[in-house]
Amino acid sequence: MKSKNHIFKFRSIFEMHQAFGIRKPQHPLISITHFNKSNPFNPDNAVLYDVLSFYKIVFVTQQEGRLRYGRNYYDFNQGSMMFLAPNQLVGTAEHHLETYSYILLIHPDFFLGYPLAKKIKQYGYFSYSVNEALHLSEKEKETILTVYKIIEEELNSRIDEFSQDVVVSQIETLLNYANRFYKRQFVTRKVVNDDLLQKTEAIL
C-alpha cells in the first residue's frame, strides 16, 4: 500500500499488519513486531496519516527521526519510547531507513476484565499534551528491553490459558516504568531549562 494523502483508519491489528506487510498476528487483540536488520520496515507501505483503534507503544532501538502527532511532532532517537492512544491522528514517521524498533499494538478489548482497562487511561503520556518522546538512559533501556522481550516470547512461543494474565501484567509493568522514567525526564529537563534561563538572564 503506497502513501496516500488522506486519513486511513485501522480498525483491527490484523488490518494494520496486512497493510504494512507484516505477518499475521498470533492474537487478534495484541501483537509485537521487532523491526531490525533482518526484518526492516518498508516506508513505502506507510500512509501519510492514520487513526488507530488500539494502543501503540513504540520502543526505538536504533537511529532517530520524528513522528507527526496531532498538530506537533514527536522527536525520537535511539532509546526513545512513544505512546499513542486509540482515535489519535498520527502522521507518517520521518526516519532513517535503518531505524529499528519494537512496535506493541494492543486493542482496548484485550484489557477487559482487568483493572488495567481503566487504569491505562490515567497514564498522561498517552495524551497529545505530552508532545515529546520518552528518552531513556542506558540502564532504563535495558529495563524496557527486558519487558519487551518477555512479552515477545510470551506472544510468539506459548499462547495458552495463562498468557493473557502474564502479558497484561507485563504491559502494566512497562507502563509503570514509563511513568517513573517520564517523571525523571521532566525533572531533568526542568533543571536544564531553569539553568538555561538563569544563564540567559545573566547575559542580558
Side-chain angles (χ1 to χ4, degrees), residues 1 7-35 39 41 45-47 49-60 67 69-70 74 80-91 93 101-131 133-134 136 140 143-183:
M1 178 180 64
I7 297 174
F8 192 95
K9 177 147 186 162
F10 291 104
R11 292 180 171 79
S12 71
I13 293 175
F14 171 77
E15 186 179 22
M16 187 169 185
H17 274 241
Q18 189 175 43
F20 283 76
I22 308 170
R23 69 183 177 86
K24 180 180 176 181
Q26 302 218 37
H27 194 292
L29 300 180
I30 186 170
S31 75
I32 187 167
T33 303
H34 185 194
F35 289 112
N39 182 40
F41 173 69
N45 290 331
V47 294
Y49 290 99
D50 61 45
V51 176
L52 309 179
S53 297
F54 35 86
Y55 293 95
K56 181 177 181 180
I57 305 175
V58 182
F59 175 40
V60 181
L67 174 72
Y69 182 52
Y74 252 141
S80 294
M81 294 189 73
M82 294 172 284
F83 301 83
L84 312 174
N87 300 315
Q88 291 178 330
L89 177 64
V90 182
S101 61
Y102 282 91
I103 310 290
L104 180 59
L105 306 176
I106 318 152
H107 195 283
D109 287 352
F110 187 73
F111 299 128
L112 291 179
Y114 294 89
L116 191 56
K118 292 183 178 179
K119 186 179 178 181
I120 193 170
K121 298 175 183 178
Q122 299 172 10
Y123 293 100
Y125 45 73
F126 281 107
S127 169
Y128 279 136
S129 61
V130 182
N131 57 3
L134 172 58
L136 304 172
E140 290 167 353
T143 299
I144 294 299
L145 185 59
T146 297
V147 180
Y148 262 95
K149 286 183 174 179
I150 292 173
I151 296 173
E152 182 179 36
E153 182 180 359
E154 195 66 35
L155 291 178
N156 292 340
S157 63
R158 52 168 182 257
I159 293 181
D160 56 30
E161 60 186 302
F162 301 104
S163 293
Q164 190 166 0
D165 291 344
V166 172
V167 173
V168 169
S169 67
Q170 290 300 317
I171 292 171
E172 186 166 10
T173 297
L174 182 72
L175 298 178
N176 285 332
Y177 273 125
N179 210 29
R180 169 188 279 178
F181 298 156
Y182 253 123
K183 293 290 175 63

Margin query: Contact between Gln26 and Asn156 at the side-chain level, heavy atoms closer than 4.5 Å - yes or no?
Written below: yes
Next item on the list: Spell out, as yes or no, whether a donor-acceptor pair under 3.5 Å connects the side chain of Gln88 to the backbone of Leu84.
Entry: no
Note to self: What's the separation between atom CZ in Phe126 and atom CG in Leu175, rounded to the nearest 0.5 Å?
What the structure shows: 5.0 Å
Item checked: Over all atoms of both residues, closest heavy-atom pair of Lys56 and Ile103 -> CE-CG2, 3.8 Å
Next item on the list: Say whether, by atom type as modelled, one donor and one acceptor occur between the side chain of Asn39 and the main chain of His34 under 3.5 angstrom.
Entry: yes
Notebook entry, point to check: Which heavy-atom pair separates Met81 from Ile57 by the least distance, and what is that distance?
Noted result: CE-CG2, 3.8 Å
Note to self: Using 0.5 Å steps for rounding, measure from the CG atom of Leu116 to the CZ atom of Phe111.
What the structure shows: 4.5 Å
Margin query: As an exercise, state the distance from OG of Ser169 to CD1 of Ile151, rounded to the nearest 0.5 Å.
Written below: 8.5 Å
Margin query: I'd like to check the ring pair (Phe, Tyr, Trp, His ring centres under 6.0 Å) partners of His107; sequence neighbours left out, ordered by chain and number.
Written below: none
Check: Would you say the side-chain atoms of Ser53 pair up with the backbone N or O of Ser12, donor to acceptor, closer than 3.5 Å?
Finding: no
Checklist line | Side-chain heavy atoms of Ile120 within contact of Ile171, under 4.5 Å | finding: no
Margin query: Do Asn176 and Thr173 pair up side chain to side chain, a donor and an acceptor below 3.5 Å, judged on atom types alone?
Written below: no
Next item on the list: Indicate yes or no: at least one non-hydrogen side-chain atom of Met82 is less than 4.5 angstrom from one of Val60.
Entry: yes
Check: Could you state the interatomic distance from OH (Tyr148) to OH (Tyr102), rounded to the nearest 0.5 Å?
Finding: 10.0 Å
Item checked: Exam field: side chain Glu172 to backbone Pro115, donor-acceptor pair closer than 3.5 Å -> no
Checklist line | Distance-minimising heavy-atom pair for Ile144 and Leu174 | finding: CD1-CD1, 3.8 Å
Notebook entry, point to check: What's the spacing between Leu134 CG and Phe181 CZ if we round to 0.5 Å?
Noted result: 8.0 Å
Item checked: is_close_aromatic(Tyr123, Tyr55), centroid dist under 6.0 Å -> no
Checklist line | Tyr114, OH: over 12 other non-hydrogen atoms inside 6.0 angstrom | finding: yes
Notebook entry, point to check: Hey, does Leu105 have a side-chain heavy atom less than 4.5 Å from the side chain of His17?
Noted result: yes
Item checked: Validation row: Phe35, Phe20 side chains within 4.5 angstrom (heavy atoms) -> no
Next item on the list: Given side-chain contact (heavy atoms from CB on, under 4.5 Å), test Leu52 with Phe10 step by step and report yes or no.
Entry: CA-CA 5 Å; Leu52 309 179; Phe10 291 104; 3.7 Å; yes
Margin query: Would you compute the distance between atom CG of Leu29 and atom CZ of Phe14 and round it to the nearest 0.5 angstrom?
Written below: 14.0 Å
